[in-house]
Amino acid sequence: IMEKVVSEGGGGAAKVLGYRIGGKTGTAEETGKPDFGWFAGFAPFDNPEIAVVVMVENGSHGYYAEE
């Protein structure tokens with residue numbers, strides 16, 4: 001499932017780098033305040049050597065962090 005988030009979502013980075021990448025988007029919700037969007041990913045999928053986390057403050061939903 002984590003590979004499909006990248007390959008079937010925005011996923012442009014996966015094609016440019018030539019790696020199979022896994023990742024997950026999410027939304028951190030705080031009552032009465034704007035939500036934070038985030039994306040965590042790793043590559044290559046089968047033997048990870050690279051990890052990345054993107055947090056978009058007041059960025060609404062997690063899928064904005066993937067784009």
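Since the model is a prediction, treat every value here as computed from it, not as a measurement.
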Nearest heavy-atom neighbours spanning Trp38 and Lys24: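 Taking every non-hydrogen atom into account, CZ3-O, 3.4 Å.
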
Closest approach of Phe39 to Thr25 (non-hydrogen atoms, all atoms of both residues): CD1-CG2, 3.8 Å

Partner set under side chain to side chain contact (heavy atoms under 4.5 Å, CB included) for Pro44, not counting sequence neighbours: Tyr19, Glu49

Results of side-chain hydrogen bond (donor to acceptor under 3.5 Å, both in side chains) for Asp46 - residues two or more places apart only: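 With sequence neighbours excluded, Asp46 shows a side-chain hydrogen bond (donor to acceptor under 3.5 Å, both in side chains) to Arg20, given in chain and number order.
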
